[in-house]
Amino acid sequence: MSRYSANEIEAKWQQSWDQAETFLATRNDDKPKYYVLEMFPYPSGRIHMGHVRNYTMGDVIARYKLATGHNVLHPMGWDAFGMPAENAAMAIGGHPKDWTYSNIADMRNQMKPLGMSIDWSREFATCDPEYYGQQQALFLDMMEKGLVYRKNAIVNWDPEDMTVLANEQVEQGRGWRSGALVERRELTQWFFKISDYSDELLSALDGLDDWPAKVKLMQANWIGKSRGLQFGFERVDGGDPIEVYTTRPDTLMGASFVGISPDHPIAKHLEKNNPALAAFNIEARKGGTTEEAIETAEKLGFDTGLRVRHPLNPNWELPVWVANFILMDYGTGAIFACPAHDQRDLDFCRKYDLPVTDTFFALDDNTPVDRTAFVPPKTEKVNWVNHFAGLETATGQEAIDLTIDFAETAGWGKGVTQYRLRDWGLSRQRYWGCPIPVVHCADCGVVPENKQNLPVQLPDDVSFDMPGNPLDRHPTWRNCACPNCGNDALRETDTMDTFVDSSWYFIRFTAPRADTPTDRDEANYWMNVDQYIGGVEHAILHLLYSRFFARAMQITGHLEEKSSEPFNALFTQGMVTHEIYQTRKAGDTKARPIYHLPEEVKDGKLIATGETVEIIPSAKMSKSKKNVVDPISIIATYGADTARWFVLSDSPPERDVEWTASGAEAAYRHLNRVWNICDRVGTMDKTALGSGDDDLLRAMHKTIHDVTMGVETFGFNAAIAKLYGFTGILQKSKAGYTAQHEAIKTLAQLMAPMTPHLAEEIWAHQGGIGLIANAPWPVADPAMMVEDSVTLPIQINGKRRAEITVSKDLGKAAIETIALGEPAVIKALAGGAPKKVIVVPGRIVNVVV
RNA sequence: GCGGGCGUGAUGGAAUGGUAGACAUACCAGACUUAAAAUCUGGAGGCCGUAUGGCCGUGCGGGUUCAAGUCCCGCCGCCCGCACCA
């Protein structure tokens, strides 16, 4: 009897696939193409279980599509620019480039043993000059088409380190290194005109039938289309009117004050001669730039002293306040506040003792607003007590529409469609990113670099021993000739957001070595991505930016129109979680917990000391909590097939899966069991007859059907449950050799997408022809799946009370007769007639008494 | 604060509006063994009952339906995203 030895067979079959070039993507007009892609990884240096899960799902699809007769493209690359490389250089010295490429080499070495069906010949990293040079070419093309511009924008500024901070470098309003209070500061930065596509990006979501509804909803909310009224408040002092935008113009008679952003031009103008306001604005600009930080900060205001006239009553004057919660980026940067019908405005007015006027009441309740604002529902009628447009009762939506019409007719306002989506700020004041290929010339201004000078390469001789961007202080790199006039000029030192890198890499995979951004013919053949798989954390930004880029690349002539929505189907997988083990210093429940790796713990105790650990429920694997399991050690212990099988088996793919040692062992035991069956069948007498051949083959065909459905619908855990079931049947089967031989070969084929190495080994052992990776997917024979009889539950008043077994073809009336003859039914009827009998053939019978 | 998601046995989870708990873990019992490991077989939502069986049960409270984990309304709890992390 031979034993299952994962390490031996996995290396062997990986070599076979390499030699046969099984996974090289090839064009072949006889077959349809299929492009499956997992979101490419950041090269941190270590693969983690989340990667294993993500790539295994993609691999299941890729191998299944190969078996069902497709030309499969399944590439891999590296999202290699970004801050961690610079942080490493600052923390431990060295160069971001060396750190990144060495991490890539390490991670590739860790990934290959997983046995993924990846076409490695197409691999690239976004930090390769060959890649980012093409990205620069693309940028210049986008510039030419007016999709790029510069404007001022706000950044997190660390006043001590004199540097721009990323949101993640701001901790509780302070810089992570310096600890200084972070300020918001304006800088001239580069932007993509994604807002030109707001409506298009919103409406095209409708066509994305194979995207999760929740992702489409999140994107729609992010784009945030709204219809409202824009109008000006006349200033009492005769200055330019203050333009406001509101989505609830119907509450205009409840206006209490006009609020402007601390960054509003009027606020900035007034602060010059008003030290108290200047101080307020400085204070308001402290804190992070995230929407969350701004929204959750204490609401503060400052009365500017300006007064404006209410548009419906020129004698009604309203004060103008600067408020820290008003964003300059949204609408006009100015609002009117209606405290009675907006909680934030109400809180603000109560705090500063501003008037509160009700304009709407619920139909059955006209209690004036006190501490809780009454927001008139858009679809329910309410009383409009302070109405001005003609209706006494209206739904919120009717009131809004009517007000807009009213204002337009009267000529003091206009209906405006607004989007929450802002233009994409792509400037980063950092070294390790794609240089923005423009030059600043004293005479010619901002000039694009000549395409023949691309790539504008990052200089290697930089250091990270002082704060700020090394490109800014580089002695020679900044100085260059103006591409236009040839005079001395300065290079742009901002680099691109790494989201730019990831917005078109999937298109580059179709022709990764082309000397233009795309090879139109290759892109046309392989695009779109048929199935994209990744984490839901990318549901908004990465996917929205990629959708924008696909349109931009069409406009710049790099992509066909059919690819303006580049991802046909999207799947968002859940995380891999693990329990957290912690101890605290004896007797000190307030001491900082000490975390322990799972391998240091057995049966709830530390292996080393026997100390009992506290078990915190499962959470996302993270180094800081030490609740991580290293795929490399799992592969060393059990093999890649076990890891792959387990990450698919225990939870539905879109949900989190909890890694448990016992679950991994169970997966390993199961693969051993399958191998043992294979071994046993291999030793059977080839002419042996047995009993139950039909039962085995019927189960086999049902399993083919169920597993195929499972793979097609991302029901991997359900498919695996069916495979467990069938394995159990095969294990106990007394069928003859021919049936068992067919069953084990089919089992191997059905398992091949998940556990490809074991499947190849079984295939070879059972005399299969060629590689199982190339064998056509088994097809279920419907005739072989039919059971002759079916068991129906009998319900009485919706509760199951009995069951009957009848022929599958039996008609409704006959089923009803049999059901009514059941003792439980007779007892329940107690001689009376049933009120109603519902018969759902093949499903259920419900008798209502 | 805003937006999104999720709540089912001890645990992970299954269930086109149609037998709730498939499959797996942990647990218990049995077989094999001198013993252990490995392997195999069986049990099991809770409560009551020797048992046939009965009652309860999918976060909480209502509703629709012959029938609700699933659909609707209102709560509670947890998780994720919020534009310079990738």
Side-chain angles (χ1 to χ4, degrees), chain A residues 39-42 44 79 81-84 87 153 155-156 164-170 189 212 214-215 217-218 220-222 224 288-297 299 325 329 343-344 420-430 497-499 501-502 535-542 544-545 574-575 577 617-620 646 649-652 654-667 669-670 672-673 676 715 717-718 720-725 728 731-732 791-795 797-803 834-838 840 842-848:
Chain A
M39 291 180 185
F40 67 162
Y42 179 79
S44 61
D79 190 10
F81 275 134
M83 291 205 311
N87 293 340
V155 295
N156 296 309
V164 175
L165 297 179
N167 284 333
E168 72 157 15
Q169 296 174 318
V170 179
Q189 307 203 63
K214 68 170 175 181
V215 173
L217 185 60
M218 285 162 89
N221 287 335
W222 187 261
T289 60
T290 67
E291 191 170 308
E292 183 193 6
I294 292 163
E295 290 288 321
T296 52
K299 307 289 179 284
F325 58 86
D329 281 326
Q343 190 62 44
R344 188 170 59 183
R420 202 183 79 100
L421 181 65
R422 312 200 290 256
D423 275 334
W424 173 7
L426 68 115
S427 281
R428 296 293 180 268
Q429 293 72 38
R430 292 175 218 296
D497 178 8
T498 56
F499 272 121
D501 312 335
S502 56
V536 73
E537 66 272 21
H538 294 293
I540 299 176
L541 292 181
H542 163 58
L544 192 66
Y545 291 158
M575 298 180 298
T577 65
S618 223
K620 180 178 183 171
F646 180 70
S649 66
D650 243 27
S651 292
E654 68 274 16
R655 266 206 243 170
D656 294 350
V657 64
E658 182 178 8
W659 184 277
T660 60
S662 55
E665 270 163 39
R669 266 205 306 277
H670 179 74
N672 272 283
R673 195 150 46 220
N676 290 339
N717 58 327
I720 283 179
K722 299 291 183 188
L723 288 167
Y724 270 113
Q731 185 160 35
K732 295 187 193 92
T791 301
L792 297 179
I794 310 296
Q795 291 183 335
N797 293 337
K799 291 193 181 235
R800 195 186 79 93
R801 282 300 125 100
E803 60 182 35
K835 268 192 199 149
K836 198 170 179 183
V837 181
I838 292 118
V840 185
R843 278 277 170 207
I844 204 163
V845 180
N846 191 9
V847 182
V848 185

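None of the values given here were measured: they were computed from a predicted structure. Chain A is the first sequence line, chain B the second, and so forth, proteins listed ahead of strands; every chain is numbered from 1.
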Per [X] side chain, nearest of listed nucleotides [options]:
{"X": "Arg800(A)", "options": "G12(B), U16(B), U19(B)", "value": "U19(B)"}
{"X": "Arg655(A)", "options": "G18(B), G13(B), G4(B)", "value": "G13(B)"}
{"X": "Glu658(A)", "options": "G12(B), U16(B), A24(B)", "value": "G12(B)"}
{"X": "Pro652(A)", "options": "A24(B), G5(B), A14(B)", "value": "A14(B)"}

Donor-acceptor pair between Asn167(A) and Thr289(A) side chains, under 3.5 angstrom: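 Yes, Thr289(A) and Asn167(A) have a side-chain donor paired with an acceptor closer than 3.5 Å.
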
Sugar-phosphate, base or nothing in reach of Thr660(A), heavy atoms under 4.0 Å: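 No contact at all - Thr660(A) keeps every heavy atom at 4.0 Å or more from the nucleic acid.
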
Sugar-phosphate only, base, or nothing, as touched by Lys299(A) at under 4.0 Å among non-hydrogen atoms: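 Lys299(A): no heavy atom of the nucleic acid under 4.0 Å.
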
Nearest-nucleotide 5' precedence on RNA chain B, Gly725(A) against Glu654(A):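 The residue mapped nearer the 5' terminus is Glu654(A).
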
Glycosidic conformation of G9(B), taking syn as within 90° of 0 and anti otherwise: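 G9(B): syn.
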
Arg344(A): partners by salt bridge (Lys or Arg N to Asp or Glu O under 4.0 Å), with sequence neighbours left out: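 For Arg344(A) the salt bridge (Lys or Arg N to Asp or Glu O under 4.0 Å) partners, ignoring immediate neighbours, are Glu295(A).
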
Partner set under salt bridge (Lys or Arg N to Asp or Glu O under 4.0 Å) for Glu291(A), not counting sequence neighbours: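 For Glu291(A) the salt bridge (Lys or Arg N to Asp or Glu O under 4.0 Å) partners, ignoring immediate neighbours, are Arg420(A).
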
Rounding to a whole Å, what distance do you find between [X]:[atom1] and [N]:[atom2]?
{"X": "Asp650(A)", "N": "U8(B)", "atom1": "CG", "atom2": "P", "answer": "15 Å"}
{"X": "Arg344(A)", "N": "G3(B)", "atom1": "CZ", "atom2": "C1'", "answer": "14 Å"}
{"X": "Leu723(A)", "N": "C23(B)", "atom1": "CG", "atom2": "C1'", "answer": "11 Å"}
{"X": "Ile844(A)", "N": "A15(B)", "atom1": "CD1", "atom2": "P", "answer": "18 Å"}

Which residues share a side chain to side chain contact (heavy atoms under 4.5 Å, CB included) with Asn846(A), sequence neighbours left out: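 Partners of Asn846(A) by the side chain to side chain contact (heavy atoms under 4.5 Å, CB included) criterion, ordered by chain and then number, come out as Gln795(A), Ile838(A).
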
Under-4.0 Å side-chain N/O to phosphate OP1/OP2 contact, [X] with [N]:
{"X": "Lys799(A)", "N": "A20(B)", "result": "no"}
{"X": "Asn717(A)", "N": "A14(B)", "result": "yes"}
{"X": "Asn672(A)", "N": "A38(B)", "result": "no"}

Heavy-atom protein contacts under 4.0 Å, nucleotides 62-69 of chain B, coded B base, S sugar-phosphate only, - none: ----BS--

Protein-to-nucleotide contact annotation, 5' to 3' order, nucleotides 79-86 of chain B [B base; S sugar-phosphate only; - none; under 4.0 Å, heavy atom]: ---BBBSB

Student check: side-chain heavy atoms of Leu421(A) and Leu544(A) closer than 4.5 Å: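 Side-chain contact under 4.5 Å: yes.
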
Heavy-atom check, side chain of Trp222(A) versus side chain of Leu541(A), under 4.5 Å: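 Heavy-atom side-chain distance check passes, below 4.5 Å.
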
Dot-bracket summary - RNA chain B, pairs being Watson-Crick or G-U whose distances fall under 3.5 Å, with | when paired to another strand: (((((((..(((.....[....))).(((((.......))))).((((....))))..(((((..]....))))))))))))....

Residues, nucleotides or ligands: over 12 heavy atoms within 6.0 Å of Lys299(A) NZ: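 It does: Lys299(A) NZ has more than 12 such atoms within range.
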
P-based separation of A10(B) from U65(B) [nearest Å]: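 These two P atoms come out 34 Å apart once rounded.
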
